[in-house]
Amino acid sequence: MGSLISPFSRMIKMRKNLILYFTLGFPDQGTLESFSRRISQDEVDYVEFGFPSGNPVYDGPKIRGTHKTAMSNYRPEDGEKLFRDLLGKGIKLYSLTYYRDIRDDGGKFLSYLKREGFSGIIVPDLLVDYSDSAFSAIGRIHEAGLDFIPFFNPSTPDRIIKEISSKTGSWIYYGLQPSTGINVPFDTGEVAERINELVPGREINFGFGIRNNDQVRELVSYGASGVAIGTALIEMLSSGDEEAFYSYLKEMRGVLDGK
Amino acid sequence: MGSLISPFSRMIKMRKNLILYFTLGFPDQGTLESFSRRISQDEVDYVEFGFPSGNPVYDGPKIRGTHKTAMSNYRPEDGEKLFRDLLGKGIKLYSLTYYRDIRDDGGKFLSYLKREGFSGIIVPDLLVDYSDSAFSAIGRIHEAGLDFIPFFNPSTPDRIIKEISSKTGSWIYYGLQPSTGINVPFDTGEVAERINELVPGREINFGFGIRNNDQVRELVSYGASGVAIGTALIEMLSSGDEEAFYSYLKEMRGVLDGK
Amino acid sequence: MITSQAEDVIPDSWYNIVPDLPEQLAPPRDNTEDFSSIELLNRIIPKEVLRQEFTFKKFQKIPEEVAEAYRQIGRPTPLVRARNLEKFLGYKGKIFFKYEGATVTGSHKINTAIPQAYYAAQEGVNGIVTETGAGQWGTATALASSLYGMPSKVFMVGISYRQKPLRKKIMGIYGAQVFASPSSETKFGREMLGKDPDHPGSLGIAISEAVEYALENDYRYLLGSVMNSVLTHQSIIGLETKKQLEVLGEYPDALIGCVGGGSNFGGFTYPFIPDSREIDMIASTASEVPKFGKGEFKYDLLDTAGILPSMKMYSLGADFVPPPIYAGGLRYHAAAPSLSLLMQKGKIKHDEADEPAVKDALRVFSKTQGIVAAPESGHAIASAIKYAKESSNSGKTIVLNVSGHGLLDLSIFKDD
Amino acid sequence: MITSQAEDVIPDSWYNIVPDLPEQLAPPRDNTEDFSSIELLNRIIPKEVLRQEFTFKKFQKIPEEVAEAYRQIGRPTPLVRARNLEKFLGYKGKIFFKYEGATVTGSHKINTAIPQAYYAAQEGVNGIVTETGAGQWGTATALASSLYGMPSKVFMVGISYRQKPLRKKIMGIYGAQVFASPSSETKFGREMLGKDPDHPGSLGIAISEAVEYALENDYRYLLGSVMNSVLTHQSIIGLETKKQLEVLGEYPDALIGCVGGGSNFGGFTYPFIPDSREIDMIASTASEVPKFGKGEFKYDLLDTAGILPSMKMYSLGADFVPPPIYAGGLRYHAAAPSLSLLMQKGKIKHDEADEPAVKDALRVFSKTQGIVAAPESGHAIASAIKYAKESSNSGKTIVLNVSGHGLLDLSIFKDD
Ligand SMILES: Cc1ncc(COP(=O)(O)O)c(C=O)c1O
Ligand SMILES: Cc1ncc(COP(=O)(O)O)c(C=O)c1O
């Protein structure tokens with residue numbers, strides 16, 4: 001207190017982001033639409049969409065499962081309907097896409113995202129499997145008018161975090177686990193403090209493996225800007241339990257708001 | 001030089017002792033008498049006599065050999081003739097005797113030595129094999145009117161050297177080798193310096209294994225009071241070479257006198 | 001032999017290379033679509049080890065109990081100026097060697113077995129299980145388990161079990177129960193035996209049995225190499241070496257070690273990497289298992305059975321059948337992901353040594369330094385000798401890691 | 001593990017107990033009337049060693065070349081607080097152990113092999129020859145000879161030669177030529193073989209062959225134990241220990257070691273004797289070879305053949321036939337003259353440990369401290385455990401000497 005207000009305590013006063021992840025086409029368009037209807041700016045800030053991928057290598061088995069379904073279910077026009085709906089409610093859209101799926105398409109996918117109103121793109125395999133192309137890829141994303149959302153995790157070297165962060169002004173996606181939905185032990189506080197130390201003042205949203213409210217509270221207390229929820233939604237989606245979804249959003253918003 | 005005159009350099013100026021050792025009865029009375037005739041105070045200071053022993057354990061093979069001959073040859077009256085002869089020429093007599101040979105004789109041998117004009121007795125096995133009896137034995141020797149000549153060698157502990165030396169005022173016999181006539185390597189200078197350090201100012205004569213003139217010169221240069229020659233005489237005795245003996249005495253005296 | 005007060009030489013913390021790598025380490029991958037072998041690690045590996053596996057932290061505090069155990073088992077190990085070897089080679093520079101064979105179990109393996117067993121004991125698990133090929137790892141695991149009062153089971157590759165009775169014996173003395181793998185202790189083992197009652201076994205099968213045993217009995221499985229956490233624990237080798245060199249006012253021009261899974265090499269060299277000074281870091285592999293020379297940098301299985309996740313690393317393929325070389329510890333098909341990445345980025349070089357060169361090197365080292373080194377370490381020695389003989393390296397300061405002694409592997413000198 | 005800078009721990013000089021003994025040491029004696037085996041030593045033993053054998057000097061400067069060799073072979077050896085053993089025993093005091101198994105040849109024997117070989121090399125002799133029973137001494141001799149570029153021959157007791165192939169192998173790796181004794185290399189050996197082509201050999205015969213070989217080939221024979229000069233060289237154990245304890249601010253209440261010929265025990269304890277402080281010094285022998293318990297303090301032969309002089313010592317008689325115990329190094333019939341004298345004067349106590357107690361002690365030490373000690377050292381450990389368990393010794397500071405590792409003797413655990 002007093003005059004010693006850290007950047008973290010300042011950030012704590014801002015509204016924390018709730019980010020939802022959906023795989024397009026899972027479990028089916030109807031369910032997605034009805035879930036989408038429950039989403040509003042009251043609770044949710046961003047929605048990330050995973051475009052169906054034949055090989056979502058850094059996703060855990062649950063999200064991998066959604067891609068399998070999605071690969072056969074998904075039709076572009078279905079997605080576009082969702083995008084319009086959410087954009088209309090002031091929700092920002094991001095795409096979670098593997099670089100391996102788009103590197104050879106001559107920028108078609110990026111232009112598509114831009115056209116559809118996406119704010120940015122998260123590319124989890126870029127720094128890992130295509131690090132030599134990272135700068136040119138980031139350039140092309142920026143050229144397409146999209147934010148490149150750096151995707152880091154505890155294995156990302158400090159130097160890379162600094163370098164990549166400095167190449168872009170957008171928020172940062174910090175994956176807590178080696179892949180989505182996985183739960184290996186780590187010290188939430190340490191992780192959050194460290195990334196805040198490396199890129200001070202930056203908006204950092206945490207994802208990959210967030211399971212419970214306590215964890216969210218802890219992240220927030222360590223200065224997280226928000227959390228992304230994906231795997232935790234899959235069961236509700238599978239069972240089509242819209243109500244459960246809605247009360248989950250309320251509850252999570254409450255947690256994020258420190259209630 | 002100057003004012004720094006060490007006890008050693010003072011001692012160097014005194015006449016150095018030439019001590020001869022004979023086993024009584026070796027090789028025969030005649031030879032011993034003729035050798036004895038060649039002995040005079042001009043060269044020789046003390047004569048040590050070994051009385052024939054059945055088991056001269058700390059003698060080397062050459063002297064052991066003399067005892068074997070002596071055991072059958074020796075008659076007391078022969079010895080007594082030699083003693084008188086040498087005493088008459090002013091030579092001091094010492095007996096080299098194993099304690100094992102006299103410990104049970106009720107002091108008869110000590111009285112005998114005294115009667116015969118001996119100055120003292122050297123008992124090489126006393127401190128080794130009969131150390132518990134050492135003080136009482138020394139007492140009895142002194143009571144008999146004889147000098148107890150401490151017999152030390154490089155294996156004698158410092159404490160023992162000091163203790164035994166302090167119990168008696170006579171000269172010290174320092175055996176350079178583990179047994180007579182043996183030649184294992186050692187550093188003459190170091191040995192001489194060390195014993196002089198332990199009993200400073202004391203008359204120390206060296207014996208057991210003295211072989212050549214250089215060694216004698218070295219001992220003298222390190223402050224030895226004299227040397228005892230035994231094994232080196234055996235061949236001359238065996239061959240009855242009186243002349244060789246006589247010139248050996250002359251030569252050794254020269255060496256001792258620093259010529 | 002140069003050592004300083006143990007207190008000054010044994011570091012406070014292990015060093016984790018991951019945050020200092022030139023690039024992001026590729027995360028592990030599951031092998032099948034509908035099952036997460038990464039998640040399964042939670043049931044196999046002690047929690048704290050798993051945490052260390054994925055931590056961003058450069059320094060990991062060594063618990064005081066572990067530091068004490070390190071002192072008990074012979075740490076710090078000596079750093080020795082190999083003057084006799086220098087003389088023998090007529091080498092103008094200096095050759096030092098760090099001697100991990102001085103630990104009580106005779107190799108660096110104990111450096112990670114101790115913390116892993118310690119963390120497992122803290123969690124109150126039922127016991128420890130692992131596999132072993134050459135036997136060094138099983139030996140270290142057996143002792144570490146015993147130090148923390150836990151039962152231990154070791155699945156030893158069948159053919160080694162029969163060829164290395166001394167290894168089996170010493171594990172037994174340390175209190176381990178040793179099974180020839182494939183064994184009838186596990187479903188997987190019984191299956192293999194069903195196919196061939198005289199099955200010679202393989203590391204892959206032994207790992208599979210150990211992991212199955214861990215899952216069935218709520219035991220924990222200890223990792224012997226390859227994983228980050230193991231390399232982090234092994235950093236004690238390099239941290240001590242740095243300190244010992246510092247005391248002498250020395251700094252290496254070259255660091256040379258052997259590579260099986262990469263743990264002794266990584267542990268030895270990594271602490272020098274943040275210095276960003278010019279050092280030739282040379283990883284010596286067996287010519288017969290040319291993982292860097294002929295391997296590919298790709299995601300591959302850690303274990304032949306594919307129970308554990310895949311990692312991105314230099315690999316000859318999980319189905320690579322290594323020739324039955326004397327240096328059992330170098331037969332692994334791949335190298336640690338961090339080491340592989342550094343190799344791929346050219347930060348680390350590699351060399352290969354074959355059996356005759358290694359035997360020669362072992363003899364030279366025995367006769368000059370008196371140490372009968374482990375066959376694995378013989379590769380490091382062979383590469384160091386080769387390095388010292390190159391005229392362009394004249395006058396350099398070479399530091400080599402001798403990962404173990406070979407007293408229980410003397411049979412390699414059979415024919416002489 | 002506690003060590004300090006090698007430079008500070010390795011002493012400048014060895015310590016010779018002889019001038020500090022409570023009584024004069026009895027000189028050696030010849031065995032036959034007309035021949036001096038004492039004098040013969042000149043042709044058998046390196047001159048400087050012989051000089052040291054009979055010197056009055058308390059301190060014998062360690063030549064710089066020997067000091068360097070000591071560093072090369074692993075000196076100073078560690079002094080370790082045996083915390084795990086303390087815990088296991090519930091002992092209230094402190095237990096330290098000095099670990100001579102940390103030398104490259106695995107025992108204290110190298111401490112004297114090096115200076116003896118060094119002095120021999122200085123004299124330009126043709127080569128080195130010795131005998132070995134258990135193999136530790138032959139191993140040390142082989143390496144020491146190799147370090148000074150001299151050929152070495154080892155006459156190994158035939159039965160050991162056949163039972164301990166690893167020992168033979170390691171001597172071979174170090175460059176020694178090893179003969180099963182009796183051998184056809186010597187007249188004496190051929191004579192024995194003539195009587196019995198399958199002769200199992202004995203230490204006495206092996207010494208005889210080695211000495212004959214030395215005389216015939218102008219080789220020098222190295223002494224493994226018993227002699228003063230050997231105990232003087234071994235004083236490095238105790239001098240280092242004293243220094244290492246000093247650094248820790250500790251002083252022993254008890255010093256415990258095992259006794260074969262007495263060299264590791266004497267080397268370990270003697271440097272504490274001039275302090276004249278109250279220390280229980282306990283010499284542990286094999287119950288099966290009770291040289292202090294049942295032996296007599298008398299002049300006796302050093303070697304069964306009687307080529308070497310007699311010494312006054314505790315002996316079971318040179319013709320004592322020891323049972324074939326696992327601890328080959330403790331089978332010698334007598335103990336060093338200086339040690340015998342101190343024992344007779346009550347300055348040193350003795351204890352006996354039998355095979356079951358020793359095996360137990362070895363297992364406990366393995367599981368707690370991770371060290372598979374030599375069977376010989378197992379006696380020291382067994383006696384230390386016994387000492388620690390006596391209530392009157394509660395809270396004391398026990399320092400024990402672990403003279404070697406037992407990795408090449410694992411066969412003693414055969415039946416388990
Ligand atoms: C003595 C020794 N050195 C080296 C290795 C190779 O393993 P790593 O590369 O993990 O150090 C082994 C493995 O068994 C070993 O026992
Ligand atoms: C390991 C070990 N300890 C002890 C001994 C006993 O010898 P000493 O009493 O001379 O130390 C030996 C002899 O072979 C030995 O090898």
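The sequence lines fix the lettering, A, B, ..., with proteins before strands; numbering per chain opens at 1. Only this structure's heavy atoms are used, side chains among them; waters, hydrogens and symmetry mates stay out.
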Item to complete: Verify side chain to side chain donor-acceptor pair (under 3.5 Å) between C:E23 and A:S131, making sure each step is shown before the conclusion.
Response: CA-CA 7 Å; C:E23 269 182 24; A:S131 60; 2.6 Å; yes
Discussion item. Which heavy atom of A:P154 sits nearest to which heavy atom of C:F54, and what is that distance?
Written reply: CB-O, 3.0 Å
Worksheet item: When rounded to the nearest 0.5 angstrom, what is the spacing between CD in C:Q24 and OG1 in A:T156?
Response: 3.0 Å
Worksheet item: Is there a side-chain contact (heavy atoms from CB on, under 4.5 Å) between C:T55 and A:F186 once you walk through the steps?
Response: CA-CA 7 Å; C:T55 185; A:F186 66 99; over 6 Å; no
Worksheet entry | Spacing of A:D187 atom CG and C:E48 atom CD [to the nearest 0.5 Å] | 9.5 Å
Worksheet item: Between C:L25, C:L50, C:I17, which residue shows the highest count of heavy-atom pairs closer than 4.5 Å to chain A?
Response: C:L50
Item to complete: Apply the test side-chain contact (heavy atoms from CB on, under 4.5 Å) to residues C:E33 and A:H67: give CA-CA distance (whole Å), side-chain angles for both, the deciding distance (0.1 Å), then the verdict.
Response: CA-CA 10 Å; C:E33 249 176 36; A:H67 280 273; over 6 Å; no
Discussion item. At a 4.5 Å cut-off on heavy atoms, which part of A:E163 comes close to chain C: side chain, backbone, both, or neither?
Written reply: neither
Worksheet, complete the sentence: So, the part of C:L41 with a heavy atom under 4.5 Å from chain A: the answer is neither
Discussion item. Do the side chains of C:D20 and A:R159 get close enough for a salt bridge, i.e. N-O under 4.0 angstrom?
Written reply: no
Worksheet item: So do C:P22 and A:I160 actually touch side chain to side chain, heavy atoms under 4.5 Å?
Response: no
Item to complete: Could you pull out the closest heavy-atom pair between A:P61 and C:D30, with the gap in Å?
Response: CD-OD2, 3.7 Å
Discussion item. Surrounding NZ of C:K187 (heavy atoms of other residues, nucleotides or ligands, distance under 6.0 Å), is the total greater than 12?
Written reply: no
Worksheet entry | Leading residue by heavy atom contact count with chain C [cutoff under 4.5 Å; candidates A:G65, A:P157, A:S155, A:A134] | A:P157
Worksheet item: What residues of residues 119-128 of chain A sit under 4.5 Å from chain C when only non-hydrogen atoms are counted?
Response: A:L127, A:V128
Discussion item. For C:K294, I'd like to know if atom NZ has over 12 heavy atoms of other residues, nucleotides or ligands within 6.0 Å.
Written reply: no
Item to complete: For atom CD of A:E235, decide whether the heavy atoms of other residues, nucleotides or ligands shown that lie under 6.0 angstrom number more than 12.
Response: no
Worksheet entry | Flag, side chain of A:R64 to backbone of C:F35, donor-acceptor distance under 3.5 Å | yes
Item to complete: State whether the number of non-hydrogen atoms from other residues, nucleotides or ligands found under 6.0 Å of C:K298 atom NZ is greater than 12.
Response: yes
Practice prompt. Using a 4.5 Å cut-off on heavy atoms from C-beta on, say whether the side chain of C:K58 contacts that of A:D158.
Written response: yes
Practice prompt. Can you measure from CZ (A:F152) to CZ (C:F56) and round to the nearest 0.5 angstrom?
Written response: 14.5 Å
Practice prompt. Start with the C-alpha distance between A:D129 and C:Y299, add both sets of side-chain angles, then the distance that settles side-chain contact (heavy atoms from CB on, under 4.5 Å), and finish with yes or no.
Written response: CA-CA 10 Å; A:D129 296 325; C:Y299 270 96; 4.0 Å; yes
Item to complete: Walk me through it: do C:K57 and A:R194 pass the test side-chain contact (heavy atoms from CB on, under 4.5 Å)?
Response: CA-CA 9 Å; C:K57 289 178 96 181; A:R194 177 69 184 149; over 6 Å; no
Practice prompt. Examine whether an atom of C:T32 lies under 4.5 Å from a heavy atom of chain A, and if so say whether it belongs to the side chain, the backbone or both; otherwise answer neither.
Written response: backbone
